[in-house]
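Remarks on the structure that follows.
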Amino acid sequence: MFNFISILSDSVQVGHTFVISGYASEGADEFKILLSCGKVESANVALKISPNFSNKKILRSSHVSGSCMCEEDEENLTCDASMPLKTGDLFTFCILVGDDRFHVALNDEPYCTYKFQIPCNQIKSLIISGDIEALVKVNHIKSFPFTFPSIKS
């Protein structure tokens with residue numbers, strides 16, 4: 001079982017983007033991407049994205065005090081509801097932190113939105129676990145309201 005934990009150095013704010021690329025294991029059942037309020041899977045979770053290959057759905061949810069909140073699989077999709085991932089293939093999730101919701105793109109195509117259940121500034125870590133062969137990229141990009149490179153007057 002693959003397990004990756006990254007403690008974020010800065011508070012998550014509107015405009016931040018997370019980019020996660022990797023390969024789902026051949027014959028994978030599921031994996032999880034968590035924007036978590038702590039460094040263990042039992043901490044509150046602002047966003048859980050869980051591709052489930054056997055159910056052919058990508059579940060999204062939050063977890064507060066051990067309880068699952070607002071689980072979605074077909075709600076708030078911005079594309080066809082069919083499963084866009086295949087085991088063994090490269091995937092790229094791009095998660096943009098919006099004003100009141102996450103905007104998720106999958107393999108460079110808009111996929112869904114998920115309304116905040118926990119304020120985004122409580123997110124402290126990124127946890128990736130499950131049936132993953134390898135991670136290729138994990139980025140936390142602070143794109144807005146920050147400028148890069150910084151502008152000097």
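We're numbering straight along the sequence, starting at 1.
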- request: Show the numbers, then the answer: is there a side-chain contact (heavy atoms from CB on, under 4.5 Å) between Ile118 and Leu47?
  value: CA-CA 9 Å; Ile118 297 173; Leu47 177 64; over 6 Å; no
Would you list the atom pairs, donor with acceptor, under 3.5 Å between side chains in residues 55-64 and any protein atom, with sequence neighbours excluded?
unit_1 : atom_1 : unit_2 : atom_2 : d
Lys57  : NZ     : Asp73  : OD2    : 3.2
Lys57  : NZ     : Glu74  : OE2    : 3.3
Arg60  : NH1    : Ile58  : O      : 2.6
Arg60  : NH1    : Asp73  : O      : 3.1
Arg60  : NH2    : Glu75  : O      : 2.7
Ser61  : OG     : His63  : NE2    : 3.3
Ser62  : OG     : Ala46  : O      : 2.8
Ser62  : OG     : Tyr114 : OH     : 3.2

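Rounding to the nearest 0.5 Å gives a distance of 11.5 Å between CZ of Phe18 and CD1 of Ile33. Distance check: His16 NE2 to Ile141 CD1 gives 10.5 Å after rounding to the nearest 0.5 Å. Taken from CG in Asn44 to CG in Leu34, the straight-line distance is 12.0 Å, to the nearest 0.5 Å. Note that the NZ atom of Lys137 and the SG atom of Cys94 stand 9.0 Å from one another [nearest 0.5 Å]. In this structure, CD in Glu71 is found 8.5 Å from OG in Ser50, a value given to the nearest 0.5 Å. Within the model, atoms SG of Cys120 and CZ of Arg101 stand 13.0 Å from one another, a figure rounded to the nearest 0.5 Å.
Grouping the Ile, Leu, Val, Met, Phe, Trp and Tyr side chains by contacts below 4.5 angstrom, directly or via other members, places Phe31 with Tyr111. Hydrophobic clustering keeps Ile7 apart from Val138 (ILVMFWY residues linked when any side-chain heavy atoms are closer than 4.5 Å, directly or through intermediates). Residues Met83 and Phe93 share a single hydrophobic cluster, defined by chaining ILVMFWY side chains whose heavy atoms lie under 4.5 Å apart. Placement of Phe4 and Val45 in two distinct hydrophobic clusters is found when ILVMFWY residues are connected by side-chain heavy-atom separations under 4.5 Å, directly or transitively. Follow the hydrophobic side-chain contacts under 4.5 Å out from Ile127 and you never reach Ile132; the two are in separate clusters.
No more than 12 heavy-atom neighbours from other residues, nucleotides or ligands sit within 6.0 angstrom of OH on Tyr23.
Among Thr92, Leu85, Ile95, the single residue meeting the side-chain contact (heavy atoms from CB on, under 4.5 Å) criterion with Leu106 is Leu85. Under the side-chain contact (heavy atoms from CB on, under 4.5 Å) rule, Val12 has a single partner from Asp10, Leu8, Val14, which is Leu8. Here the options are Thr113, Ile49, Asn76, Leu35, the test is side-chain contact (heavy atoms from CB on, under 4.5 Å), and the partner is Phe102; only Leu35 passes.
The salt bridge (Lys or Arg N to Asp or Glu O under 4.0 Å) contacts involving residues 108-134 comprise Asp100-Lys115, where partners must be two or more places apart or lie in separate chains.
Counting only heavy atoms from C-beta outward, the side chains of Leu126 and Ile20 approach each other to under 4.5 Å.
The two atoms that bring Cys112 and Thr78 nearest to each other are N-OG1, 3.4 Å, heavy atoms only. Closest non-hydrogen pair, Ser129 versus Asn3, comes out as CB-OD1, 3.5 Å.
In this model, no donor atom of one side chain and acceptor atom of the other lie less than 3.5 Å apart for Ser11 and Asn121.
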